[in-house]
Chemist: 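So that we are looking at the same thing, I have put the structure below in structure tokens.
Each chain gets a letter, A, B and so on, in the order the sequences are listed, and its residues count up from 1.
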Amino acid sequence: MLGKKRQGGLFLHCACAGDVIGALQGLCKAAAKMCGRTACTLAPDDVGKACEYQNKRGERKRPGWRDGDSDKYKPSYNKCPQSNSPVLLSLKHFQKDADSSERVLAAMRWGLIPSWFTETDPSKMQYNTSNCRSDTMAEKTLYKSSDEKGSTHGNGSRLLTMAGLFDCWEPPNGGEPLYSYTVITVDASKAMNWIHDRQV
DNA sequence: CCAGACGTTGTT
DNA sequence: GTCTGG
DNA sequence: CCAGACGTTGTT
DNA sequence: GTCTGG
């Protein structure tokens, strides 16, 4: 929606199996890769298939891509920050009258550009916003900003889903609105932190 | 009040 | 936009 | 996240 | 060491 603001809860879908295996084999070094790289190799149509869901009336639905977005997303085994990846979120973010249980796929830039960003070029963003820490995000100005919070939960056969935040930034000198997101990170579980224990 | 910041990860 | 520091 | 750039003077 | 680009 065009309408401004911000920060909806969302679900980013990325097939990360390749990275997970890499982490187990390569241990620490590959594990480190997880926060700044990912894999998302499904063709745009297959992402839709993999994200089928039931709406609140119990109907089985397959989310569609927002206009033009299926072309912005390029499948790769090595997706880096600043590239576009699929984000599954409530249709309500784009259509006010939509049922909030209906979902839609959008291609968004990995690395959140807040709506108040004033440079003309997103690459001028000097802070790393590809991840955001779950334990502090509520206190950070960059992620608090304005209004609503969305909520939903991901589903979908073999995809690894990750929660994130997104925003819509409009270039000061005009041009396409830029949707971008950040992935929420948490401490490693006990089962995994022998591979990688995050610094404080 | 205004000016300035606003972030994460892993040290390869 | 929203918060902090001075 | 990693890889690669980064600078000037005077020709080694 | 620090920044940029991908």
Chemist: Take atom C1' in D/dT9 and the same atom in B/dC2, then report the distance between them in whole Å.
Modeler: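 The answer is 46 Å between these two C1' atoms.
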Chemist: In whole Å, I'd like the distance from the CZ atom of A/R133 to the C1' atom of B/dT8.
Modeler: 8 Å
Chemist: How long is the gap from CE on A/M162 to CG on A/N131, to the nearest 0.5 Å?
Modeler: 9.0 Å
Chemist: Send over the distance from A/M137 CE to B/dT9 P, rounded to a whole Å.
Modeler: 12 Å
Chemist: Please report, rounded to the nearest Å, how far the P atom of B/dT9 is from the CD1 atom of A/I184.
Modeler: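 In whole Å, B/dT9 P and A/I184 CD1 are 12 Å from each other.
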Chemist: Considering only the P atoms, how many Å lie between B/dA3 and E/dG5, rounded to the nearest integer?
Modeler: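 It works out to 30 Å between them.
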Chemist: Mind checking the C1' distance from B/dT8 to D/dC1? Whole angstroms is fine.
Modeler: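 Approximately 10 Å lies between the C1' atom of B/dT8 and that of D/dC1.
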Chemist: Contact between A/C80 and A/R37 at the side-chain level, heavy atoms closer than 4.5 Å - yes or no?
Modeler: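 Yes, close enough: below the 4.5 Å cut-off.
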Chemist: I'd like to check A/V183 versus A/W110 (side-chain heavy atoms, cut-off strictly below 4.5 Å). Are they in contact?
Modeler: yes
Chemist: Using whole Å, what does the distance between atom C1' of nucleotide B/dC6 and atom CH2 of A/W169 come to?
Modeler: 16 Å
Chemist: Can you tell me how far apart SG (A/C132) and CD1 (A/I184) are? Round to the nearest 0.5 Å.
Modeler: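 Reported to 0.5 Å precision, the distance equals 4.5 Å.
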Chemist: Could you give the distance separating D/dG7 and D/dT11 at their P atoms, to the nearest angstrom?
Modeler: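 Looking at atom P only, D/dT11 and D/dG7 are 22 Å apart.
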Chemist: Does A/R62 make a cation-pi contact with A/Y53 (under 6.0 Å, within 45 degrees of the axis)?
Modeler: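 Cation-pi check for A/R62 and A/Y53: fails.
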Chemist: Heavy-atom distance under 4.5 Å between the side chains of A/H93 and A/F166, does that happen here?
Modeler: yes
Chemist: Measure the shortest side-chain to side-chain distance between A/M137 and A/L165 over non-hydrogen atoms and say whether it is less than 4.5 angstrom.
Modeler: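 Side-chain contact under 4.5 Å: yes.
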Chemist: Pick out the pairs of N or O atoms, protein on one side and nucleotides 4-6 of chain E on the other, that lie under 3.5 Å.
Modeler:
from  : atom 1 : to    : atom 2 : distance (Å)
E/dG6 : N7     : A/Q82 : OE1    : 2.9
E/dG6 : O6     : A/Q82 : OE1    : 2.8
E/dG6 : N2     : A/R37 : NH2    : 2.2

Chemist: Should we count CG of A/D67 as having more than 12 external heavy atoms under 6.0 Å?
Modeler: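 At most 12 heavy atoms, drawn from other residues, nucleotides or ligands, come within 6.0 Å of this atom.
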Chemist: Using centres under 5.5 Å plus planes under 30 degrees as the test, is A/W116 stacked with B/dC6?
Modeler: yes
Chemist: Quick check: any donor-acceptor pair below 3.5 Å linking the side-chain of A/N128 to the base of B/dT8?
Modeler: yes
Chemist: Does a side-chain heavy-atom distance below 4.5 Å link A/P122 with A/L178?
Modeler: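 Yes, close enough: below the 4.5 Å cut-off.
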Chemist: Between A/D99 and A/S101, is a side chain to side chain donor-acceptor pair (under 3.5 Å) present by the stated rule, with each step listed?
Modeler: CA-CA 5 Å; A/D99 182 323; A/S101 72; 2.9 Å; yes
Chemist: In whole angstrom, what separates A/L112's CG from B/dT8's C1'?
Modeler: 13 Å
Chemist: Can you give me the N/O atom pairs linking the protein to nucleotides 1-5 of chain B at distances under 3.5 Å, or say none if there are none?
Modeler:
none

Chemist: Centroid-to-centroid, A/F94 to A/Y179, below 6.0 Å?
Modeler: yes
Chemist: How many angstroms lie between atom OG1 of A/T129 and atom NZ of A/K140, to the nearest 0.5 angstrom?
Modeler: 13.0 Å
Chemist: Quote, to the nearest angstrom, the C1' distance that separates B/dG10 from E/dG1.
Modeler: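 The answer is 16 Å between these two C1' atoms.
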Chemist: Both atom distances under 3.5 Å, Watson-Crick or G-U wobble: I'd like the secondary structure of DNA chain D as a dot-bracket string, with | for pairs made across strands.
Modeler: ||||||......
Chemist: Grab the OH-C1' distance between A/Y181 and B/dG7 for me, whole Å please.
Modeler: 17 Å
Chemist: Take the protein atom CG of A/D167 and the nucleotide atom P of B/dG7, then report the distance between them rounded to whole Å.
Modeler: 14 Å
